[in-house]
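Following: one structure in structure tokens, then a few remarks.
In the text below, chain A, chain B and the rest are named by the order of the sequence lines, each starting its count at 1.
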Number of protein chains: 2
Amino acid sequence: MGVLERVPARRGKGAVALAQPAIEADRLIKGDCIAEMAKLPDACIDMIFADPPYNLQLGGDLFRPEGGMVDAVDDDWDKFDTLAAYDAFTHAWMKEARRILKPNGTIWVIGSYHNIFRCGVVLQDQGFWILNDIVWRKANPMPNFRGTRFTNAHETLIWASQSEDSKYTFNYRAMKTLNDELQMRSDWVLPICGGQERLKRNGTKAHPTQKPEALLYRVLLACTKPGDVVLDPFFGTGTTGAVARRLGRKWIGIERDDTYCEVALERIAASLPLDESAIGIMQSPRQAPKVAFGTLVETGYLEPGAILTDVKRRWKAHVRADGSLACEGLNASIHKVGATLQGAPSCNGWTFWHYEADGDLKPIDALRQTYLLATQP
Amino acid sequence: MGVLERVPARRGKGAVALAQPAIEADRLIKGDCIAEMAKLPDACIDMIFADPPYNLQLGGDLFRPEGGMVDAVDDDWDKFDTLAAYDAFTHAWMKEARRILKPNGTIWVIGSYHNIFRCGVVLQDQGFWILNDIVWRKANPMPNFRGTRFTNAHETLIWASQSEDSKYTFNYRAMKTLNDELQMRSDWVLPICGGQERLKRNGTKAHPTQKPEALLYRVLLACTKPGDVVLDPFFGTGTTGAVARRLGRKWIGIERDDTYCEVALERIAASLPLDESAIGIMQSPRQAPKVAFGTLVETGYLEPGAILTDVKRRWKAHVRADGSLACEGLNASIHKVGATLQGAPSCNGWTFWHYEADGDLKPIDALRQTYLLATQP
DNA sequence: ACTGCGCCTGAATCTGACG
DNA sequence: ACGTCAGATTCAGGCGCAG
């Protein structure tokens with residue numbers, strides 16, 4: 001690797017911008033996730049996707065809290081002990097996760113009611129800023145055979161940034177496109193992992209809780225850019241790696257279990273990267289090149305003196321040679337004039353103002369689109 | 001009152017069966033919920049439904065795209081200085097709630113990602129046993145106006161018993177009947193509270209966060225028996241009381257705010273106990289499941305990069321990773337691209353676009369049907 | 001009376017680049 | 001760090017009014 005990239009300095013006061021070598025990626029690390037994350041440098045990961053265990057068995061997995069334990073208010077000591085151990089484990093891995101995550105990176109954690117509340121609290125307590133909780137609504141969940149509760153038909157994901165003012169990645173347009181031109185909501189209906197996709201080993205399922213690729217697909221498409229480095233500290237059979245590879249993202253997996261490692265590596269090798277042209281997603285206008293209104297005047301797309309109106313023809317404004325707009329004694333930018341006339345705090349002049357063409361009113365944004373098509377390579 | 005009932009002894013070892021007078025019910029207590037619960041005897045309540053403050057921590061004003069301002073929840077009762085202060089408050093009211101709840105009673109708590117994780121942890125830490133987490137999927141949530149996150153389209157409810165071996169009430173058959181003979185799942189689609197149901201005071205909403213009666217209806221129908229006593233420590237405008245009365249359950253409400261108390265009492269007085277035969281109208285109609293084109297890409301029914309054509313093979317388009325279609329410089333949804341290419345105002349992309357299978361052209365709608373068949377119960 | 005269009009509203013942690 | 005300003009951004013349902 002050795003590619004240098006600039007990392008924005010947002011880690012506390014007085015931090016300086018650092019040039020950091022990109023981390024070596026597309027690899028599986030065999031070992032304990034806390035110990036292995038500890039070996040990674042600060043701020044090297046763009047996104048962490050974590051599917052932590054919640055059925056910590058007594059014995060090997062049981063994690064002892066390091067500090068003095070708070071007095072249990074309750075008599076249920078055994079349960080408290082187990083919960084405290086789980087919290088300590090969660091604090092430990094999330095602390096490392098937070099350290100290696102870039103300032104503008106985000107973390108996803110998935111779980112069920114057994115553990116997701118505890119994960120959410122530790123995230124908040126460590127200073128992560130929750131952006132959404134997402135409900136994966138399973139299209140085909142396992143029924144509740146005994147009829148004693150509601151069918152447990154969903155799992156919960158938490159999406160969080162490092163801090164309240166992080167500049168995180170969210171591909172809004174891509175999500176809206178993926179959802180037939182409606183905003184993507186916080187509830188996702190997706191089938192559970194089964195059929196061909198479910199990995200087998202000796203005829204039985206290779207992993208008890210393999211996640212569907214469609215779930216990771218949406219997560220990675222929404223919140224990473226091509227080339228971003230995604231780390232999964234509980235890699236299992238490598239769904240995160242397989243989807244990252246398909247979508248042109250880099251991945252790092254950490255997994256303790258030998259068999260899971262084997263299965264994951266085979267699987268990822270077999271998953272083909274998508275063609276570059278297919279990975280493309282709808283860009284936000286935010287990321288499109290900007291066109292000043294004045295440019296349209298300069299280049300003749302609009303004549304100085306042209307008349308613009310709002311869609312209801314309530315106001316009539318004149319375009320001036322410098323790209324400003326004159327209307328009812330006002331003379332300012334297309335946005336300001338629109339806002340002032342409406343008495344609104346702000347206004348998008350591009351969609352507010354219209355020009356007449358063939359008897360129709362069209363928003364001046366259409367002119368901008370025409371200009372962009374004509375001038376972009 | 002004065003009716004005696006037997007309370008099974010399940011409070012730790014060596015407890016004896018107690019005969020307790022039934023608590024006075026169907027009343028509103030004005031005051032602080034912690035202080036007022038403290039005055040109630042042990043083990044006198046069958047169910048607690050709690051809608052505590054969410055601790056939203058909103059920033060500045062938020063404007064809608066068309067200029068209007070969002071009427072945010074900025075009430076003093078929702079403000080806490082720190083997460084620790086919120087936790088302390090939660091511990092305090094839940095401790096009293098646990099004491100007054102019968103051994104076989106259950107508690108419901110509703111919240112959003114701002115507070116629900118903390119509520120869940122306190123429940124677990126106090127020894128409550130979580131039975132389900134329920135997702136209320138809002139049919140008509142407020143959109144995310146700035147396109148910065150996923151639309152926050154749900155709230156979460158936690159249902160918990162006093163302990164792992166409680167003999168709690170769950171009316172399995174009633175839920176299955178309510179759900180068209182399918183097991184009731186952990187995700188409930190219900191509209192938010194609006195229209196006639198939304199209580200007004202001087203022309204504006206009487207309470208910023210009034211819950212829909214349909215939500216309480218399902219909760220009470222599922223987890224209480226007729227005659228049970230339901231307590232709501234954050235009574236607000238009394239949705240819990242109104243529904244309890246309709247369903248023949250007894251209720252106790254605790255509320256600090258004078259105006260909320262007034263509104264609640266008026267409302268409950270006006271809510272008539274329900275005739276058995278009227279219950280049917282509460283059933284929400286099953287909705288035809290919608291499938292976004294992007295879902296077919298996510299779930300592998302179509303690969304990114306796949307080629308689609310119209311039935312006359314006049315145009316050739318490429319499927320992209322986000323479920324958009326690329327064709328002749330255009331990149332948009334299946335419907336928009338179809339419309340633009342034909343110069344039509346609109347186009348049903350599902351029937352317009354075809355894929356090739358075994359030398360035949362098939363509409364992509366066929367894939368949608370296949371997907372539905374595979375994922376619907 | 002019915003239809004269609006426009007307006008209003010709902011628990012919201014809701015901008016970002018540049019100087 | 002802070003101020004300024006360009007400009008990007010919404011879905012479903014209920015209700016009233018016009019035709």
Side-chain angles (χ1 to χ4, degrees), chain A residues 13-14 124 128-133 160-161 163-165 167-168 170 172-173 176 179-186 284-288 290-294 312 323 332-339 344-353 364-365 368, chain B residues 51-75 77-80 83 110-116 136 138-156 189 191-198 200 203-205 207-212 234 236 287:
Chain A
K13 300 190 179 211
Q124 290 180 309
F128 284 102
W129 188 250
I130 297 182
L131 297 166
N132 277 117
D133 60 334
S161 63
S163 71
E164 185 174 354
D165 54 355
K167 308 292 180 218
Y168 55 89
F170 179 56
Y172 175 75
R173 273 305 322 173
K176 192 166 173 176
N179 197 36
D180 270 358
E181 291 302 315
L182 290 179
Q183 286 190 339
M184 187 69 80
R185 303 167 33 121
S186 58
S284 275
R286 260 203 270 286
Q287 294 158 26
K290 275 191 191 172
V291 180
F293 180 66
K312 293 181 191 163
S333 73
I334 52 171
H335 314 292
K336 270 223 166 128
V337 172
S346 67
C347 165
N348 183 348
W350 289 108
T351 50
F352 180 76
W353 292 109
I364 54 176
D365 197 41
R368 179 165 63 164
Chain B
D51 182 12
Y54 286 10
N55 191 22
L56 285 187
Q57 308 173 67
L58 302 177
D61 288 340
L62 177 63
F63 289 89
R64 300 163 184 271
E66 82 272 10
M69 201 172 74
V70 175
D71 185 13
V73 177
D74 53 1
D75 306 71
W77 50 251
D78 197 48
K79 291 183 173 32
F80 292 82
L83 289 176
I110 183 168
S112 64
Y113 66 85
H114 311 83
N115 71 321
I116 197 65
W136 168 27
K138 301 181 184 182
N140 46 349
M142 192 182 312
N144 181 294
F145 295 116
R146 304 303 296 266
T148 54
R149 305 181 178 187
F150 299 98
T151 304
N152 200 354
H154 74 275
E155 293 188 26
T156 302
V189 181
I192 58 178
C193 182
Q196 291 295 334
E197 189 187 334
R198 189 84 191 203
K200 308 269 182 173
T204 57
K205 55 188 175 189
H207 193 284
T209 68
Q210 185 184 339
K211 295 291 174 290
F234 306 96
Q287 321 182 337

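When each of D:dC11, C:dT15, C:dA11 is scored by its nearest atom to the side-chain atoms of B:Arg146, the top-ranked nucleotide is C:dT15. Here the side chain of B:Thr209 is nearest to one of C:dA11, D:dA6, C:dT13, namely C:dA11. Of the candidate nucleotides D:dA8, C:dA11, D:dT10, D:dA8 has the atom nearest to the side chain of A:Trp350. In this structure, the nucleotide among C:dC14, C:dA11, C:dA12 sitting nearest to the side chain of B:Leu56 is C:dA11. If you check D:dG7, C:dG10, D:dA6 against the side chain of B:Pro143, the one that comes closest is C:dG10. The nucleotide whose nearest atom lies closest to any side-chain atom of A:Ser346 is, among D:dG7, C:dT13, D:dA12, D:dG7. Considering only side-chain atoms of B:Ile192, the nucleotide from D:dT10, C:dT13, C:dA11 that sits closest is C:dA11. Of all nucleotides listed (D:dA6, C:dG10, D:dA8), C:dG10 comes nearest to the side chain of B:Phe145. The B:Glu66 side chain lies nearest to D:dT10 when the options are C:dA11, D:dT10, D:dA6. For B:Pro65, counting side-chain heavy atoms from C-beta on, the closest listed nucleotide (D:dT10, C:dA11, C:dC14) is D:dT10.
Of all heavy-atom pairs spanning B:Ile192 and B:Trp136, the tightest one is CA-CZ2, 3.9 Å.
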Watson-Crick and G-U pairing of DNA chain D written in dot-bracket, each distance under 3.5 angstrom, with | for inter-strand partners: .|||||....|||||||||
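Between the side chains of B:Ser112 and B:His114, at least one donor N or O sits under 3.5 Å from an acceptor N or O.
Within 4.0 Å (heavy atoms only), B:Gly60 reaches at least one base atom of the nucleic acid. Among the heavy atoms of the strands lying under 4.0 Å from B:Lys211 is at least one base atom, whether or not backbone atoms are also near. Nucleic acid contact class of A:Leu131 (heavy atoms, under 4.0 Å, all strands): none. Heavy atoms of B:Pro141 sit under 4.0 angstrom from at least one base atom. Counting any heavy atom pair closer than 4.0 Å across all strands shown, B:Pro212 reaches no nucleic acid atom. Using a 4.0 Å heavy-atom criterion, one finds that B:Glu155 contacts the bases of the nucleic acid, with or without backbone contacts as well.
Residues B:Asn144 and B:Lys205 each lie close to DNA chain C; by heavy-atom proximity, the contact nearer the 5' end of the strand is made by B:Lys205. Comparing B:Asp71 and B:Asn152, the nucleotide of DNA chain C nearest to each residue sits closer to the 5' end for B:Asp71.
Distance CD1/B:Ile116 to CG/B:Asn55: 12.5 Å, rounded to 0.5 Å.
Glycosidic conformation, C:dT13: syn, with the torsion inside 90° of 0.
Rounded to an integer number of Å, the gap from B:Tyr54 OH to C:dT13 C1' is 14 Å.
A donor and an acceptor atom never sit less than 3.5 Å apart when one is taken from the side chain of A:Lys167 and the other from the base of C:dA17. Side chain B:Arg149 to base C:dT13: a donor-acceptor pair is found below 3.5 Å. No N or O donor and acceptor, one from the side chain of B:Arg198 and one from the base of D:dG14, sit under 3.5 Å apart.
Within the structure, no pair that satisfies the salt bridge (charged side-chain N to carboxylate O under 4.0 Å, His left out) test touches residues 54-69 of chain B, not counting sequence neighbours.
One finds no side-chain N or O of A:Tyr172 lying less than 4.0 angstrom from the OP1 or OP2 phosphate oxygen of D:dT9.
Here A:Trp129 counts as stacked on C:dT13: its ring centre is under 5.5 angstrom from the base ring centre and the planes meet at under 30°.
Using cut-offs of 30° and 60° for the angle between ring planes, the B:His207 and B:Trp77 rings count as parallel.
Taking 4.5 Å as the limit, every side-chain heavy atom of A:Tyr172 sits out of range of all side-chain heavy atoms of A:Met184.
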